[in-house]
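Chain A is the first sequence line, chain B the second, and so forth, proteins listed ahead of strands; every chain is numbered from 1. Given the structure is predicted, the values throughout are model-derived calculations rather than measurements.
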Number of protein chains: 4
Amino acid sequence: MATVIGAGDRSDARRNRAKVLSAAGEAFAERGLDVPLGDIARRAGVGAGTVYRHFPTKHSLVEAVFAQQLGELVASGERRMSRSAPTEAFFGFVLDVIDTSRSRTTICDVMSADASWPRPVLTATVARLHQLLTVLLDAAQRAGGVRPDVGPDDIVALTVGCAAMMTARHDRAAGLRLVRLTLDGLRPSGPVTEARHFRDVRGSAPGPACEECGAVLTVHPTGRPARYCGTTCRQRAHRRRPAP
Amino acid sequence: MATVIGAGDRSDARRNRAKVLSAAGEAFAERGLDVPLGDIARRAGVGAGTVYRHFPTKHSLVEAVFAQQLGELVASGERRMSRSAPTEAFFGFVLDVIDTSRSRTTICDVMSADASWPRPVLTATVARLHQLLTVLLDAAQRAGGVRPDVGPDDIVALTVGCAAMMTARHDRAAGLRLVRLTLDGLRPSGPVTEARHFRDVRGSAPGPACEECGAVLTVHPTGRPARYCGTTCRQRAHRRRPAP
Amino acid sequence: MATVIGAGDRSDARRNRAKVLSAAGEAFAERGLDVPLGDIARRAGVGAGTVYRHFPTKHSLVEAVFAQQLGELVASGERRMSRSAPTEAFFGFVLDVIDTSRSRTTICDVMSADASWPRPVLTATVARLHQLLTVLLDAAQRAGGVRPDVGPDDIVALTVGCAAMMTARHDRAAGLRLVRLTLDGLRPSGPVTEARHFRDVRGSAPGPACEECGAVLTVHPTGRPARYCGTTCRQRAHRRRPAP
Amino acid sequence: MATVIGAGDRSDARRNRAKVLSAAGEAFAERGLDVPLGDIARRAGVGAGTVYRHFPTKHSLVEAVFAQQLGELVASGERRMSRSAPTEAFFGFVLDVIDTSRSRTTICDVMSADASWPRPVLTATVARLHQLLTVLLDAAQRAGGVRPDVGPDDIVALTVGCAAMMTARHDRAAGLRLVRLTLDGLRPSGPVTEARHFRDVRGSAPGPACEECGAVLTVHPTGRPARYCGTTCRQRAHRRRPAP
DNA sequence: TATGAATGAGTCTTCATTCAT
DNA sequence: CATGAATGAAGACTCATTCAT
């Protein structure tokens, strides 16, 4: 069991650890989590064993890289929170997350759950991020800057999605434009659709929605609760079900 | 020197090809593109050699799987185009792409360019998809159902982003709600932000935009063309630049 | 998970499996369980992957090698049992195990429990061997050819010890001579020591023995049961105990 | 170019050397010679470099550990020699070696030649041990306490074998009983077998023996010297030879 | 000087691809 | 032809040994 090294150690060790961390960050961003550890070592200018001494598993290296990056995000978010008006802080933070995620494409892999990579990783940092997001969102919603019917989980998903947009659109400015388009949907004066009549519910479970298309369902005080917004969706959902 | 088998061959060969294709589709969806070829073969109930007879490379198998899936999408899109009103057809198609991508998570990997997987893959089918999208978008825009200042590339990026949202939000209905929120931003009555005054330009290059925040820039007929919308953004961009 | 291959497969596969098995047997005998798998593969004239196909772990290869060797031993023992007189069969079998163990030195590692190698291995075959030994021993004891106060576990330990002797004494004949000297102690007319008055108890727990020197203790029907054969041994055992 | 430190150096260096030595002894006993050097260093509470300062190779550490342990044995043997009657001294010494080898299982690896570990190691100490053994054996034999037809090499092999027995039999008392059973074969009134007529030859080459079963061969002054004790053994040996 | 960080060759294992049956 | 066995180039990880602090 290799000894994991803390911050109080020898200066050269600390320097090496930092070199490895940043090399890994770059490598992951450029080539995905599959880059060989040897490449990272070479990029950092150290031997493979050194990487290993600091991060006893490739897994733990991934963990450390993202923990650091998320840590920086959280720090910047906390700074914003104390310095800006609630709404501004919230949107600024989300934009920060999205924008910086360009240089670490794989953040999706880490934050989203379908990642093939074992991900009970990062739990602590992710939890901190989530909490910060909740606080910021809550404040922004109380200030009237964000529609009240979205919850933290929605924001996380939107963020991941926006990061993906930025990645898909190679032009940074164009990508940001799309992101703004998307995030503007969060404002209370947001866009209006056929299925727009969201109930004013705080949190991530904004009341019953059509299981097929997601439209908000009118709640009747009596009768069997509706699952779909109409016959069309009921039929579609039926077709989707596997034959018994 | 395996002979690749076309559609005109013996029927059992065609059947095998289909079996492999569907097994690979499932496997990729469930476990990502990294699933070993042997597993796919086993799942398909054929030998590894048989997979190779039909697809000379793993790469080409990936290609074929997504070509087929995109092909189905394109077909459904074409059906929509001929049957529905332009705006409805456009949004229906995009929603289709997003919604079905849940069962093949990796569509991002294939459509987005930063995928670690070599992707000059699918060129043909992707081109067809792109063209269909262009046509649908154009029609919807002409019908006034979609704001005129977005181009096909924007739509692709939005689609990829929305697929990511669906993946990140495990609740399908909640995911769809976010997607609608996002796509509503495409409607002409879309949301309005400080940086909203998009110029009415078709295509993926909607005129000069702030390189930092994406806001549209007012073009002055004389003088040096602006790169940023203001001092704030200029300063930000400056900080982003690596030290010389 | 590589597919492990049974006996009913392709002939070349079977041949390769056999080649690997015998190469591994030789290699383990010559150089211990630590020989690199690559060396075994080279010795067998196959690729590393082939070894892997047949034995998904190095562990399982070790397992298979010893299972086979023990299997052969068991078979020969069973043959002896049906063909020879009990005492002859018993000694013949034990000598067989000891003598053949020269060509597979590491049998100790597998049969003895302190082997650093994970050894819940082989349980089935070892159990069979143990049972055969029990039957043979029992028959020989009933025939009066083996003193009645030893149990199967004693025989296993003696066997392991004798194998070690053979290994330590490079001259095969001289080694066998020592082994005979040792095994002769099993005969009813065996050697006589100060502590020789073993109780006539069958099995591996032949009644109370001095915890220090192993001499058989006289059992008194009353009083506190003795742990040592005398003051000398009690004192020695005391010195051995760690200070409190 | 680490300087090896002798016994005449600073006292803390000597203390460190001792700590490493004892830590290594424990580690080898518990986990075999394969225990990583780093673990030994940690167990000793020193840095890896310190281990290296005292023992320039892992090999030399092993050497030192066993040299020390054997040294202790030799010392105790010499004490016995001067204090006890010859026979008692001999058997006491051998039992000592066997019994203490329980706490350093790997003595077999060091004393027996097939050890995968390079062993021209301990030559000096082993030679001393060997010499002591020879003296003790000789005295015991002259005193009539040990049969005259065994040599020092036989004793070494018996000792190694008995140590293996102790290891194989987890119950210490039961193990000791087996050991006594075995060592009793060394007494002049030892057991008698079909192949028992050992010639009274001192040393490790006690005259011509059957190459197959080890029985002593009658030497005829004329004719071709016999290699086997009879037709049965000749046939067995023939079957053992590899096909040409 | 002692420490423990760095090194890199060597080991096991995987898997895309080829090829004998 | 289909099958699945063989191949061998990587990749993750270990650890004896060296060397900077």
Side-chain angles (χ1 to χ4, degrees), chain A residues 1-3 5 9-17 34-39 41 45-59 61, chain B residues 1-3 5 9-10 12-13 16 34-42 45-59 61, chain C residues 1-3 5 9-17 20 34-39 41 45-59 61, chain D residues 1-3 5 9-10 12-13 16 34-42 45-54 56-59 61:
Chain A
M1 214 161 304
T3 313
I5 292 165
D9 286 75
R10 267 214 257 158
S11 67
D12 56 341
R14 229 171 18 222
R15 211 166 27 246
N16 267 340
R17 193 190 140 95
D34 280 340
V35 287
L37 240 166
D39 287 11
V46 303
T50 303
V51 176
Y52 227 79
R53 158 171 284 270
H54 290 284
F55 307 99
T57 315
K58 185 174 184 187
H59 194 111
L61 176 57
Chain B
M1 233 83 36
T3 313
I5 291 175
D9 281 14
R10 291 217 332 246
D12 56 339
N16 268 343
D34 279 340
V35 62
L37 224 153
D39 286 12
I40 294 175
R42 205 167 312 126
V46 303
T50 306
V51 175
Y52 266 82
R53 170 164 302 275
H54 291 286
F55 307 98
T57 322
K58 185 177 184 184
H59 194 110
L61 175 58
Chain C
M1 216 163 303
T3 313
I5 292 166
D9 286 70
R10 267 213 258 160
S11 68
D12 56 341
R14 229 171 17 223
R15 212 165 26 246
N16 267 341
R17 192 190 141 92
V20 169
D34 280 341
V35 286
L37 239 165
D39 287 9
V46 302
T50 304
V51 175
Y52 228 76
R53 159 171 285 270
H54 291 284
F55 308 99
T57 316
K58 186 175 184 186
H59 193 111
L61 176 57
Chain D
M1 234 70 50
T3 312
I5 291 174
D9 281 14
R10 292 221 327 252
D12 55 340
N16 268 345
D34 279 340
V35 61
L37 225 154
D39 287 11
I40 294 174
R42 206 166 312 126
V46 304
T50 305
V51 175
Y52 267 83
R53 167 164 305 275
H54 292 285
T57 321
K58 184 178 185 185
H59 194 109
L61 175 58

On the nucleotide [N], are OP1 or OP2 found under 4.0 Å from the side-chain N or O atoms that [X] carries?
| X | N | result |
| --- | --- | --- |
| A:His54 | E:dA6 | yes |
| D:Arg53 | E:dT1 | no |
| C:Tyr52 | E:dT14 | yes |

(message) Can you tell whether the side chains of B:Asp39 and B:Arg42 come within less than 4.0 Å, N to carboxylate O?
(response)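 Salt bridge: yes.
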Which nucleotide, [options], lies nearest any side-chain atom of [X]?
| X | options | value |
| --- | --- | --- |
| D:Lys58 | E:dC12, F:dA16, F:dG11 | F:dA16 |
| C:Leu37 | F:dT7, E:dA6, E:dT13 | E:dT13 |
| A:Ala48 | F:dT21, F:dG11, E:dG8 | E:dG8 |

(message) I'd like to check C:Val51 versus C:Asn16 (side-chain heavy atoms, cut-off strictly below 4.5 Å). Are they in contact?
(response)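 With C-beta onward as the side chain, the pair stays apart.
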Using atom [atom1] of [X] as one end and atom [atom2] of [N] as the other, report the distance to the nearest whole Å.
| X | N | atom1 | atom2 | answer |
| --- | --- | --- | --- | --- |
| D:Asp39 | E:dG4 | CG | P | 14 Å |
| C:Arg17 | F:dG4 | CZ | P | 18 Å |
| B:Leu61 | E:dC15 | CG | P | 16 Å |
| A:Arg14 | E:dA6 | CZ | P | 12 Å |
| B:Phe55 | E:dT17 | CZ | P | 14 Å |

(request) Measure the spacing between CG of D:Asp34 and NZ of D:Lys58 and express it to the nearest 0.5 Å. (result)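 Atom-to-atom, D:Asp34:CG and D:Lys58:NZ are 6.0 Å apart.
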(request) Find the distance between CZ (C:Phe55) and CG (C:Leu37) and round it off to the nearest 0.5 Å. (result)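 C:Phe55 atom CZ to C:Leu37 atom CG measures 10.0 Å (nearest 0.5 Å).
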(message) Pick the closest DNA chain F nucleotide for A:Thr57 and for B:Thr50 by heavy atoms, then say which residue is nearer the 5' end.
(response)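 Between the two, 5'-proximity favours B:Thr50.
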(request) Take B:Asn16 and C:Gly47, find for each the nucleotide of DNA chain F with the closest heavy atom, and name the residue whose nucleotide sits nearer the 5' end. (result)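 Result: B:Asn16.
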(message) Which residues pass the side chain to side chain contact (heavy atoms under 4.5 Å, CB included) test with B:Ala48, not counting sequence neighbours?
(response)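 None.
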(request) Keeping the roles fixed (side chain from D:Tyr52, backbone from D:Pro56), state whether a donor-acceptor pair exists under 3.5 Å. (result)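 Here the side-chain-to-backbone pair does not exist.
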(request) Give B:Val51 one of three labels, base, sugar-phosphate or nothing, depending on what nucleic acid heavy atoms sit under 4.0 Å from its own. (result)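 The residue B:Val51 makes no contact with any strand.
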(request) Enumerate, in order of first residue number, the stems that involve DNA chain E, defined as 3 or more consecutive Watson-Crick or G-U wobble pairs with both distances under 3.5 Å. (result)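 Expected stems, ordered by start: E:2-21 with F:2-21.
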(message) Between A:Gly45 and B:Gly38, which residue's closest nucleotide on DNA chain E lies nearer the 5′ terminus?
(response)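 Closest to the 5' end, via its nearest nucleotide, is A:Gly45.
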(message) Quick check on DNA chain E: between A:Gly49 and B:Gly49, whose nearest nucleotide comes earlier from the 5' end?
(response)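 It is A:Gly49 whose nearest nucleotide is closer to the 5' end.
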